[in-house]
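Reading through the structure tokens given below for one structure.
Computed over heavy atoms, backbone and side chain alike; hydrogens, waters and symmetry mates excluded. From a predicted model like this one, the values you see are computed outputs, not experimental measurements. As the structure lists them, so they are numbered: ligands from 1, and atoms in each ligand from 1.
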Amino acid sequence: MNRLDILAVGNLIRNGNTIEEAHSTSTLIRSGNVNIVVDTSTKEMLPAIKTSVRQVGVLPKDVSIVVLTHMHDDHCGNNDLFGKAKFYVRKEECPEEKSFIQVSGNTEIAPGVRLVHTPGHTEGSMSVFVESERRYAIAGDAIPLEDNYRKMVPPGINYDVTIAMESIKSITDYADVIVPGHGFPFLRDARKER
Ligand SMILES: [Zn+2]
């Protein structure tokens, strides 16, 4: 069975329309003997990530796949920690970065671990859908904060509100538990209209 662990809980502090501080949440998926990290957060979160991987008994060199939900700096700050990993990024995010595996369609990277295109925040934003004892979606900034779900509002940074809201819907249609781009995982409200 796939297992999820949160390596670091990121935060997002806004002052009006200005973002004062942003560190993404970083998640580890263990699928059989394949270790997958989704988003590597920022240098400020490096101590937390190092502590977490030690606690779960996974060395950074044992991580074979890193998925970047998109290429904003606050999601990619510790890429160099995972020196043995292949990096998966949507093709829209970094067409010139040849060392990355450029993802186009939705694709399964391990049993029950799917990369799903969820644009809106950026054109190449993607989420990771994970089958486990429940269904998890690691949303990146398609759902940057739990508040975006509670209030059903698009990410503050978006290029198309309609597309962004469609992505929120596809994530919440699937998932029982949502890991937002920033903050703690939360449960989808079963009473909420799907
Ligand atoms: Zn972002």
Side-chain angles (χ1 to χ4, degrees), residues 4 6-29 36-46 48-49 65-82 85 87-97 100-104 106 114-130 136-172 174-175 177-186:
L4 262 81
I6 302 298
L7 300 179
V9 178
N11 64 352
L12 181 63
I13 299 170
R14 285 206 189 95
N15 184 357
N17 286 331
T18 316
I19 292 172
E20 295 199 324
E21 204 177 316
H23 312 281
S24 84
T25 291
S26 177
T27 307
L28 173 71
I29 305 162
I36 302 162
V37 168
V38 183
D39 286 344
T40 67
S41 196
T42 60
K43 281 284 176 245
E44 286 86 342
M45 302 302 274
L46 181 59
I49 292 173
I65 295 175
V66 172
V67 177
L68 300 171
T69 57
H70 63 299
M71 288 295 287
H72 286 166
D73 288 348
D74 55 323
H75 293 253
C76 311
N78 296 302
N79 289 355
D80 56 359
L81 182 62
F82 305 103
F87 283 71
Y88 285 70
V89 186
R90 282 282 313 186
K91 62 177 171 36
E92 298 86 351
E93 291 290 301
C94 55
E96 69 293 338
E97 180 56 74
F100 289 175
I101 293 170
Q102 309 261 342
V103 178
S104 48
N106 294 343
R114 275 190 298 140
L115 307 183
V116 178
H117 192 199
T118 50
H121 173 64
T122 63
E123 271 186 71
S125 283
M126 68 179 169
S127 299
V128 184
F129 286 10
V130 184
Y136 292 83
I138 304 163
D141 285 347
I143 302 182
L145 294 166
E146 181 175 353
D147 233 28
N148 293 88
Y149 169 68
R150 297 282 160 224
K151 297 175 181 162
M152 277 295 160
V153 292
I157 298 169
N158 69 73
Y159 71 92
D160 185 302
V161 170
T162 307
I163 291 172
M165 292 309 297
E166 280 169 7
S167 290
I168 291 178
K169 185 173 185 308
S170 73
I171 291 163
T172 55
Y174 169 78
V177 182
I178 294 148
V179 182
H182 304 260
F184 287 93
F186 60 90

Closest approach of D160 to I163 (non-hydrogen atoms, all atoms of both residues):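 Between these two residues, the closest heavy atoms are OD1-N, 2.9 Å.
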Measure from the Zn ion (ligand 1) to every N/O/S atom of H72 and report the name of the nearest one.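 Relative to the Zn ion (ligand 1), the closest nitrogen, oxygen or sulfur of H72 carries the name ND1.
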Quick one: does NZ or CZ of R90 land under 6.0 Å from the six-membered ring centre of F100, within 45 degrees of the ring axis?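 Ring-cation test returns no.
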Looking at K43 and D80, is any side-chain nitrogen of the basic one under 4.0 Å from a carboxylate oxygen of the acidic one?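 Result for this pair is yes, salt bridge flagged.
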Angular separation of NE2 (H121) and NE2 (H70) seen from the Zn ion (ligand 1), to 10°: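 Answer comes to 100°, rounded to 10°.
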Can an N, O or S atom be found in D141 less than 2.8 Å away from the Zn ion (ligand 1)?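 It does: D141 brings an N, O or S atom closer than 2.8 Å to the Zn ion (ligand 1).
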Is H75 close enough to the Zn ion (ligand 1) that one of its N, O or S atoms comes in under 2.8 Å?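 False for H75.
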More than 12 heavy atoms of other residues, nucleotides or ligands under 6.0 Å from OH of Y159: is that the case?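 Correct, the count exceeds 12.
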